[in-house]
Amino acid sequence: MPSSKQQFQTKLGNLKFMQMNKIYKLLIIGLVFTLMYGEAYAGNKDRAGEAGASQLLINPWARSNGLARANSAYVMGIESQFLNVAGLARTRKTDIIFSNTTWLKGSGTNIAAFGVAQKLGENGGVIGLSVMTISYGEIDITTVDQPEGGIGTFSPSASNINLSYAKKFSNSIYGGVNIKMISESTSDTKASSVAIDAGIQYITGKDEQINFGVSLKNVGPNMQFTGDGLSFRGFVPGQNNAMTVEQRSAGFELPSLIRIAGSYRFDLGDNMQFIPSYTFTSNSFTNDMHSIGAHFKWGQFLEIRAGYGYENGIMDDATRITASTGFSGGISIGAPFKKGEEGGFSIDYAYQTSNPFAGSHSVGIRIHL
């Protein structure tokens with residue numbers, strides 16, 4: 001007769017086997033759904049340009065920009081709100097990031113972001129809050145009578161506010177959900193909406209070196225512009241009295257997408273790690289993207305990143321439909337607050353190539369406890 005300890009180990013093994021089966025089934029379903037979704041929608045030229053709120057596709061965080069978003073499977077902390085919100089659950093205690101991006105240098109576009117993630121007790125989840133604002137600089141006001149401008153400028157802006165909750169469900173399974181409030185405005189027009197993101201991460205391997213992730217982003221109702229900027233003074237036929245006429249703008253969809261990702265961590269000794277990663281992004285209104293990344297870490301002192309995001313036509317200037325040319329790289333220099341402890345700070349930098357414009361530069365400061 002087996003001992004009670006052996007029986008317990010057998011039951012525990014069966015439970016782990018059942019969890020593994022569930023996760024594999026979930027990943028397979030996610031992969032199949034992604035391929036079906038991509039076949040039906042992504043890269044569809046007939047739908048290209050129909051979506052709005054394109055700032056939802058811009059990553060404001062310096063660390064993951066250096067990997068061309070390839071780290072969706074193992075991203076953690078507040079940066080996971082953009083790539084895969086499940087990674088928020090892997091926050092050790094507190095994660096705070098300030099980031100600023102000069103987007104497509106020369107275009108006058110600047111992106112500022114701030115985020116904080118806080119763990120809620122040992123067995124609780126993690127809550128995250130971040131704010132991202134985009135300034136497009138000053139643009140000349142033009143009219144039909146004065147197409148060259150000279151009558152003033154206006155400054156459009158956009159912002160996203162993210163509120164997330166993620167939880168560790170087992171030693172291998174992490175899941176999370178993010179609710180975002182989206183706003184775009186000028187001085188006399190505005191559009192707003194709400195969207196939801198969801199994601200899971202699965203960690204396996206003898207040393208937890210293998211990571212998988214699936215995430216769904218930007219699912220929400222259509223947006224529509226309203227405001228005084230859509231009205232004008234006009235005359236009703238047959239009458240001499242002027243009156244205000246308001247035009248209705250057409251609604252537009254959000255750029256929803258699905259990501260499926262994987263990574264493998266190589267432990268090189270002396271507190272050094274090398275992590276190659278891959279993420280497939282199936283976009284509803286733009287081309288699918290294949291991102292590969294290489295990440296070298298030396299403890300909390302130095303991190304070097306490089307990545308490439310490939311989409312159809314990106315290597316040919318005649319067929320490329322985005323300013324990005326795919327390549328990115330980054331570096332982080334940091335230090336612990338106390339020797340031998342996990343908490344510390346880092347200064348992060350990332351560069352993304354583009355044509356035209358002089359690339360995108362991201363600088364961030366991260367504090368983690």
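Residue numbers start at 1 and run along the sequence shown.
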Item checked: Tyr74 six-ring centre to Arg265 NZ/CZ under 6.0 Å and within 45° of normal -> no

Note to self: Are the side chains of Thr101 and Trp61 in contact, using a 4.5 Å heavy-atom criterion?
What the structure shows: no

Next item on the list: Any chance you could lay out the side-chain contact (heavy atoms from CB on, under 4.5 Å) test for Asn71 and Arg305, step after step, and finish with the verdict?
Entry: CA-CA 10 Å; Asn71 58 325; Arg305 307 175 184 88; over 6 Å; no

Check: Are Leu88 and Val219 connected in the hydrophobic side-chain network, where two residues link if heavy atoms are under 4.5 Å apart?
Finding: no

Note to self: Less than 3.5 Å apart, any donor N or O on the side chain of Ser155 or Glu138 sitting next to an acceptor on the other?
What the structure shows: no

Next item on the list: Would you indicate whether the side-chain heavy atoms of Met76 and His368 approach each other to under 4.5 Å?
Entry: no

Check: Side chains of Asn110 and Asn100: donor-acceptor distance under 3.5 Å anywhere?
Finding: yes

Item checked: Pairing of Glu79 and Arg366 as salt bridge, 4.0 angstrom limit -> no

Note to self: Show, in sequence, the C-alpha distance, side-chain angles and deciding distance for Ile179 and Val194, and conclude whether the side-chain contact (heavy atoms from CB on, under 4.5 Å) test is met.
What the structure shows: CA-CA 7 Å; Ile179 299 175; Val194 177; 3.9 Å; yes

Notebook entry, point to check: Regarding Lys217 and Asn178, is there a side-chain donor-to-acceptor distance under 3.5 Å anywhere?
Noted result: no

Check: Do Tyr308 and His290 meet the criterion of a side-chain donor-acceptor pair at a distance under 3.5 Å?
Finding: no

Notebook entry, point to check: Has Arg63 got its NZ or CZ under 6.0 Å from the middle of the six-membered ring of Phe82, at an angle within 45 degrees of the ring axis?
Noted result: no

Next item on the list: Answer with yes or no after comparing the ring centroid distance for Phe114 and Phe98 against a 6.0 Å cut-off, counting only values under it.
Entry: yes

Checklist line | Residue pair Asn59 / Asn65: nearest heavy atoms and the distance that separates them | finding: O-ND2, 3.0 Å

Notebook entry, point to check: Looking only at heavy atoms, which two atoms of Ala68 and Gly307 are closest? And how far apart?
Noted result: CB-C, 3.8 Å

Next item on the list: Count the heavy atoms of every other residue, nucleotide or ligand shown that sit under 6.0 Å from CE of Met272, and state whether that count exceeds 12.
Entry: yes

Check: Between Tyr264 and Phe266, does the ring centroid distance fall short of 6.0 Å?
Finding: yes

Next item on the list: Check whether the side chains of Asp348 and Ser332 place a donor and an acceptor atom closer than 3.5 Å, and report yes or no.
Entry: yes

Check: Hey, are Thr353 and Asn355 close enough side-chain-wise for a donor-acceptor pair under 3.5 Å?
Finding: no

